[in-house]
Amino acid sequence: MDYKFNEIEKKWSKIWIVQKTYRVTEDPTKKKFYVLDMFPYPSGAGLHVGHPLGYIASDIYARYKRLNGYNVLHPMGYDSFGLPAEQYAIETGQHPEITTKKNITKYREQLDKIGFSFDWEREIQTSNPSYYKWTQWIFKQLFNSYYCNIDDRALPISELIEEFKRNGNAKVKSPCDKDTPVFNALEWASWDEKKQQDMLLKYRLAYLSDTWVNWCEGLGTVLANDEVKDGYSERGNFPVEQKKMKQWSLRITAYAERLLTDLNSIDWSESIKEIQKNWIGKSEGASIHFQIFDNLSNSIEVFTTRPDTIYGVSFIVLAPEHDLIKKITCPQNKLLVNDYCQQMKLKSEKDRQLNTKNISGVFSGAYAIHPFTNKKIPIWISEYVLGSYGTGAIMAVPCGDQRDWDFAQKFNLDKPNIFDNTDINQGACIDKSVTIKNSDFLNKLKVPEAIQVAINAIEKNKLGTRKINYKIRDAIFSRQRYWGEPFPVYYKQNIPYLIEEDTCIQLPPITKYLPAENGDPPLARAKQDDWNIFKGDRMEFNTMPGWAGSSWYFLRFMDPNNNHEFVNKEKVNYWKQVDLYIGGAEHAVGHLLYSRFWTKFLFDKGFIDFNEPFKKLINQGMILGRSSFVYRIKNSNKFVTLEKKDQYETSKIHVDIECVDNDILNIEKFKNWRAEYNNAEFILNKENNYVCDYEIEKMSKSKYNTQNPDDLINKFGADTLRMYEMFLGPLEQFKPWDIKGINGVHNFLKKVWRFVHNNKLSSSKPNSGEYKIIHTCIKKVTQDLNRYSFNTVVSHLMICLNDLSKIKCNKKEIINLFIILLSPYAPFISAEIWQKLGNKNLINDAKWPVHDNMYLLENTSTYAVSFNGKVRFTIKLDKGLKKEDIQSLVLKHPKTENYLKSQKVNRVIVVPNKIINVVFGKN
RNA sequence: GCCCAGAUGGCGGAAUUGGUAGACGCGCUGGAUUCAAAAUCCAGUUCUGGUAACAGAGUGUGGGUUCGAUUCCCACUCUGGGUACCA
């Protein structure tokens with residue numbers, strides 16, 4: 001009887017739908033487990049074999065947990081706002097919603113074929129108003145909150161208003177805009193509505209402000225820092241420039257410290273934690289004020305992590321964007337300085353990055369006063385200081401910082417040495433184990449101690465304060481795009497107000513998806529009547545960025561159809577955090593950081609009881625394609641086999657992997673692949689074959705190396721695909737996709753099928769040998785699943801089947817156990833066999849077996865006997881023999897003399913049940 | 001440059017705490033079955049020498065610790081990822 005996977009898979013897909021097998025509800029009598037995949041953006045290209053890798057792993061784990069009696073939440077949905085659909089809309093005029101729907105249908109068909117145990121009743125789409133209503137709601141919560149550093153959490157903005165009425169902002173310790181002035185209660189009371197609102201905006205967690213943004217002309221929108229790579233947009237690779245614009249931002253910087261420290265509480269890979277740490281970029285040090293010579297009303301604030309080097313300061317450098325430049329530059333230098341700053345403004349971030357070798361700068365003509373020595377030190381302006389980091393000014397210490405050293409060298413500035421026993425003629429000394437000299441009260445101190453002493457002195461003399469600086473910046477939250485969440489915001493006299501109604505602000509229909517004639521975002525094209533709610537002078541024209549919807553979607557899955565709340569409190573208290581989250585490492589900073597931020601915010605507001613979204617995270621490695629190549633002889637239509645290519649002048653050409661089997665070109669297929677090859681000629685090897693070259697690279701249509709899961713499912717079945725993707729190697733690793741091996745896994749499943757059908761099955765009690773085989777397998781499979789070692793489980797199942805076949809086992813009891821172990825990987829064939837074995841329930845409701853050590857015990861163990869560490873032979877010995885007995889048995893062994901050659905035995909090491917090492921010869 | 005991860009047969013990979021390196025699968029070789037093919041089954045397969053028994057080498061390179069190292073330590077090479085005038 002043949003293994004007809006197509007029929008079996010069709011049959012069980014239907015049964016699972018009819019019986020609602022994967023439907024899940026809260027059940028307080030059961031322990032919960034939440035398994036989540038990073039939900040996909042439904043692109044037009046559909047899935048290739050790389051996409052489902054993580055979904056398969058998580059599905060296996062979800063099924064495994066269910067068999068262990070857990071109530072498993074395993075949902076799927078779509079991150080369906082995004083640029084490609086909008087780009088398509090611009091080109092064709094088709095509403096992005098239509099494209100999105102079409103793509104989702106395609107994705108769903110493909111996903112359904114693979115046999116996932118998703119509870120599709122919980123499906124969400126971020127572009128659905130019933131979903132983004134709540135994304136807007138969270139935005140409103142952020143708008144109505146500020147961060148209190150005293151309580152160390154977000155509080156309602158109403159409390160801040162009360163405080164302003166009582167005391168102004170003097171006692172407020174909250175992250176706010178840099179330009180926030182200090183005011184008292186009287187002043188507050190005297191301000192009009194607009195002024196008060198403007199002030200509140202400086203504190204809100206969602207705020208509107210003029211900021212330097214990454215403007216991407218090619219995409220017609222601003223981008224977040226993590227969407228920019230090397231000065232180009234990550235999506236589309238368009239150049240990005242700095243531009244000042246009024247934008248919505250989220251005050252993620254308020255959460256910097258918590259985002260950093262709470263990394264310790266989650267089970268994520270070190271590399272992702274490291275990336276987030278770097279992104280947050282915490283550095284500790286001091287901010288120090290330098291008075292300006294002859295201009296005592298102004299001072300320069302610098303940030304340094306090395307206050308111990310204060311006596312090594314020989315000049316100050318300001319960023320070309322620094323506000324003080326205009327005020328302090330002396331008249332003679334004005335032209336030069338203006339000119340330089342103007343030039344720097346024209347330079348893009350990218351140019352500044354590329355120019356690291358060329359040191360440039362100008363002298364302002366002004367001097368600062370060294371706070372300890374009172375010496376005059378020159379103030380310079382240079383592009384190597386960034387306006388956006390720290391205070392936009394540095395105290396330069398040439399002996400301790402290579403950039404400062406280079407700058408001093410170029411412009412012939414002082415390089416005082418404050419490190420004992422060091423030579424700074426060739427470069428700065430960055431070694432932190434040195435001792436300080438020439439530094440008054442810091443002399444003879446080591447660096448770490450000197451830092452503390454210096455900060456104390458700075459604080460005591462009121463020259464500055466201890467300070468912690470973070471690299472992370474607030475996240476820009478506006479996009480000048482159509483296909484995203486509209487803001488629940490309207491403007492009255494240019495002041496933003498929230499729309500208080502409990503209704504979703506829906507995307508209004510527009511006729512053209514391009515920016516309006518005056519450059520406003522596309523939403524400006526909507527007329528008043530097009531909006532389902534319209535207030536004030538106008539609605540907000542921006543939409544939210546791609547990561548808005550994905551920052552909280554894991555919560556919505558718990559309660560996807562709730563019309564009254566974003567998620568029901570009881571439900572979220574039951575499901576809590578995601579226990580296992582699987583997805584690509586490319587979201588290391590974006591999505592994963594923003595979700596953590598929103599989770600902490602919702603926790604502060606008391607909506608949820610946990611402050612981290614994802615307990616355990618696994619990043620699946622990318623599946624790479626294996627491209628095939630042919631060599632065409634230059635200026636001909638003749639192709640030469642790999643072995644002989646060096647004899648000709650050739651060009652290497654990608655060939656569709658469909659035309660290649662085992663690196664041997666199917667010449668007929670190749671000729672038919674493209675018209676230009678119809679009459680191609682070939683130079684073959686000795687065996688009359690054409691051998692192709694190969695390369696491992698990213699899977700891509702243009703490289704003709706993509707593998708569509710649908711084709712493989714038709715050919716081998718979904719069970720085979722699932723098992724093979726796991727068998728390929730460790731989940732986290734990058735690995736090449738090569739269908740050569742898929743036969744092996746397919747053969748295994750065929751073997752399973754034959755094993756059940758070609759034997760007459762017996763209901764009698766298995767013998768100890770049979771139990772031993774299956775219990776060994778139970779133990780290994782369970783252990784490996786618990787450590788997420790998905791690939792080795794497949795091997796254990798193969799070994800088990802091989803062993804059972806060898807002894808011609810036909811016991812139903814054993815086969816039942818084996819099929820349960822197999823079922824998370826190959827749910828279709830397992831369901832079918834389970835039913836055929838006469839089980840009345842579904843295999844999904846079976847119980848995962850527990851191994852019994854009783855069956856695994858052995859009386860003897862095989863020892864490897866080694867001489868001076870080299871293994872020579874093995875012997876079988878009874879367990880429980882004493883070490884002395886083992887030693888004498890080995891020394892008496894007939895083979896022993898061969899290796900000893902009458903030399904003296906120094907020592908015999910016996911590791912129980914494992915190895916014996918005879919040490920001899922030396923001395 | 002800095003930070004992180006990795007390197008094992010012809011290929012994907014295994015070896016959970018230092019204890020028989022190469023499990024399992026692919027591929028390859030030989031055989032059985034067959035009119036033939038497919039499918040299936042059996043045997044072999046790290047390299048070198050040898051018919052074999054066996055011997056020698058062997059987990060990116062060089063050193064070290066240890067009775068014993070793929071595993072621990074030091075230095076280096078290469079590959080992948082992150083990040084970059086970050087003060």
Side-chain angles (χ1 to χ4, degrees), chain A residues 2 229-230 269-279 281 283 285 302-306 309 317 319 352-353 355-357 359 382-386 388-397 400-404 406-407 469-471 585-586 588-589 619 621-622 624 626 662-663 694 724 727-730 732-745 747-748 750-751 754 758 780 783-784 786-787 789 791-799 802 805 862-874 898 906-920 922:
Chain A
D2 283 348
K229 287 262 136 64
D230 302 325
S269 75
E270 278 310 309
S271 65
I272 294 279
K273 287 190 189 181
E274 199 63 33
I275 292 169
Q276 293 212 347
K277 268 184 210 164
N278 290 339
W279 188 261
S283 43
V302 303
F303 172 74
T304 177
T305 54
R306 296 289 304 275
T309 61
V317 187
R352 267 170 106 172
Q353 273 173 29
N355 244 345
T356 55
K357 293 268 145 49
I359 300 163
S382 171
E383 58 173 328
Y384 88 93
V385 174
L386 301 179
S388 51
Y389 182 78
T391 61
I394 61 153
M395 55 177 224
V397 183
D401 184 295
Q402 192 56 45
R403 290 157 299 168
D404 297 346
D406 292 339
F407 194 81
N469 199 52
Y470 298 93
K471 198 164 85 182
E586 64 273 20
V589 274
N619 292 114
M622 210 195 310
L624 303 168
R626 191 180 190 277
N662 224 343
D663 287 342
Y694 74 91
Y724 186 56
F727 193 54
L728 229 44
E732 298 94 326
Q733 242 167 58
F734 279 64
K735 55 215 155 211
W737 175 261
D738 191 346
I739 46 155
K740 263 199 315 200
I742 201 166
N743 292 312
V745 171
N747 284 344
F748 164 74
K750 279 200 280 191
K751 209 166 155 184
R754 278 199 311 273
N758 297 358
K780 296 223 154 153
Q783 270 177 355
D784 283 358
N786 286 341
R787 62 186 180 110
S789 175
N791 54 328
T792 49
V793 168
V794 182
S795 308
H796 297 314
L797 292 169
M798 288 172 168
I799 292 168
N802 287 347
S805 315
T862 306
Y863 280 86
V865 183
S866 52
F867 291 82
N868 280 351
K870 280 204 162 91
V871 177
R872 297 300 182 176
F873 58 90
T874 57
N898 287 344
N906 297 324
R907 230 172 122 184
V908 178
I909 287 150
V910 178
V911 181
N913 307 320
K914 278 186 179 156
I915 200 164
I916 299 154
N917 191 11
V918 181
V919 186
F920 69 97
K922 292 172 201 163

What does A:I799 touch in the nucleic acid at a heavy-atom separation under 4.0 angstrom: a base, only the sugar-phosphate, or nothing? sugar-phosphate
Considering all heavy atoms of both residues, which atom of A:V302 and which atom of A:T391 are nearest to each other, and what is their separation? CA-OG1, 3.4 Å
Would you mind classifying the nucleic acid contact of A:D404 as base, sugar-phosphate or nothing, using non-hydrogen atoms under 4.0 angstrom? nothing
Looking only at non-hydrogen atoms, find the nearest pair between A:G392 and A:V385 and report the distance. O-CG1, 3.5 Å
For A:N917 and for A:R872, locate the closest nucleotide of RNA chain B by heavy-atom distance; then report the residue assigned to the nucleotide nearer the 5' terminus. A:R872
Output yes when at least one side-chain N/O atom of A:K750 is less than 4.0 Å from OP1 or OP2 of B:A38, else no. no
Touch class at under 4.0 angstrom, heavy-atom based, for A:N791 against every strand present: sugar-phosphate
Using a cut-off of 4.0 Å on non-hydrogen atoms, how would the nucleic acid contact of A:D401 be classed: base, sugar-phosphate, or nothing? nothing
Euclidean distance, atom CD1 of residue A:I909 to atom P of B:G19 [Å, nearest integer]: 14 Å
Nearest-Å distance once atom P is located in both B:U59 and B:U20: 16 Å
Distance below 4.0 Å between A:N747 side-chain N/O and B:U40 OP1 or OP2: yes
Glycosidic class, syn or anti, of B:G18 using a 90° window around 0: anti
Would you classify A:Q783 as touching base, sugar-phosphate or nothing, given that sugar-phosphate means primed atoms plus P, OP1 and OP2, and contacts are heavy atoms under 4.0 Å? base
With heavy atoms under 4.0 Å as the rule, sort A:T874 into base, sugar-phosphate or nothing. base
Using a heavy-atom cut-off of under 4.0 Å over every strand shown, decide if A:T862 touches base, sugar-phosphate, or nothing. base
For the pair made of CD1 in A:I915 and P in B:A69, what is the distance, rounded to whole Å? 10 Å
Of the non-hydrogen atoms in A:S283 and A:F303, which two are nearest, and what is the gap between them? O-CZ, 3.6 Å
Give me the atom names and distance for the closest heavy-atom approach of A:V793 to A:S789. CG2-O, 3.5 Å
What does A:K914 touch in the nucleic acid at a heavy-atom separation under 4.0 angstrom: a base, only the sugar-phosphate, or nothing? sugar-phosphate
With a 4.5 Å cut-off on side-chain heavy atoms, are A:S269 and A:E732 touching? no
What is the distance, to the nearest angstrom, from the CZ atom on A:R306 to the C1' atom on B:C86? 15 Å
Taking side chain as C-beta onward, heavy atoms only, is A:V397 less than 4.5 Å from A:R306? no
Describe the nucleic acid contact of A:K735 in one word from base, sugar-phosphate, nothing, applying a heavy-atom distance below 4.0 Å. sugar-phosphate
Using the C1' atom as the reference point in each nucleotide, state the distance between B:G9 and B:A23 in Å, no decimals. 13 Å
Consider the side chain of A:Y389, meaning its heavy atoms from C-beta on, and name the nucleotide among B:G13, B:C86, B:G10 that approaches it most closely. B:C86
For A:K780, is the NZ atom crowded, meaning more than 12 foreign heavy atoms sit under 6.0 Å from it? no
Nearest to the side chain of A:W279 - B:G13, B:C3, B:U83? B:U83
Round to a whole Å and report the spacing from CG of A:D2 to P of B:A38. 17 Å
Looking at the side chain of A:S795, which of B:G10, B:C4, B:A23 is the nearest nucleotide? B:A23
Extract the stems that RNA chain B is part of, considering only consecutive pairing runs of at least three Watson-Crick or G-U wobble pairs, both distances under 3.5 Å. B:1-7 with B:77-83, B:10-12 with B:24-26, B:27-32 with B:40-45, B:46-49 with B:54-57, B:60-64 with B:72-76
Whole angstrom value for the distance that separates P of B:G82 from CD of A:E586: 10 Å
Can you check the distance between B:G31 and B:C24, where both ends of the measurement are the C1' atom (answer in whole Å)? 24 Å
Rounding to an integer number of Å, can you tell me how far A:M798 CE sits from B:C24 C1'? 7 Å
Interatomic distance at C1', B:G13 relative to B:A7, whole Å: 13 Å
Whole-angstrom distance between B:G63 and B:A69, as gauged at atom C1': 14 Å
Looking at A:Q402, does any N or O in its side chain come under 4.0 Å of the phosphate oxygens OP1/OP2 on B:G1? no
Which part of the nucleic acid, if any, lies within reach of A:V871 when heavy atoms closer than 4.0 Å are counted: base, sugar-phosphate only, or nothing? sugar-phosphate
Could you please name the option among B:A14, B:C85, B:U16 that lies closest to any side-chain atom of A:E383? B:C85
Can you give me the closest heavy-atom contact between A:D404 and A:A396, atom names plus distance? OD2-CA, 3.3 Å
Go through B:C3, B:A15, B:A87 for me and flag the one nearest to the A:F303 side chain. B:A87
Heavy atoms from C-beta onward define the side chain here; which of B:U83, B:C4, B:C24 lies closest to that of A:N802? B:C24
Any base atoms under 4.0 Å from A:E270, or only sugar-phosphate, or nothing? Heavy atoms, all strands. nothing
From CG of A:N913 over to C1' of B:U20, roughly how many Å is that when rounded to an integer? 14 Å
Residue that, paired with A:S866, satisfies side-chain contact (heavy atoms from CB on, under 4.5 Å) out of A:T874, A:V919, A:I915: A:I915
Can you classify the ring geometry of A:F920 versus A:F867 as parallel (below 30°), tilted (30 to 60°) or perpendicular (above 60°)? perpendicular
5'-most by nearest nucleotide on RNA chain B - A:S271 or A:L728: A:S271
Regarding the side chain of A:P736, the nearest nucleotide among B:G25, B:G12, B:A15 is B:G12
Take atom P in B:C67 and the same atom in B:G12, then report the distance between them in whole Å. 37 Å
Just to confirm, is there a sub-4.0 Å distance from OP1 or OP2 of B:C67 to any side-chain nitrogen or oxygen of A:R907? yes
Whole-Å distance between B:A5 P and A:N278 CG? 13 Å
Where the side chain of A:R754 is defined as all heavy atoms beyond and including C-beta, which of B:C86, B:A15, B:U40 is the nearest nucleotide? B:U40
Sticking with atom C1', work out how far B:G64 lies from B:A14, rounded to a whole angstrom. 28 Å
With rounding to the closest Å, how many angstrom separate the P atoms on B:C47 and B:C2? 40 Å
From the set B:U16, B:A87, B:C3, return the single nucleotide nearest to any side-chain atom of A:E274. B:C3
Quick one: closest heavy-atom pair of A:G744 and A:M798, and the distance? O-CE, 4.2 Å
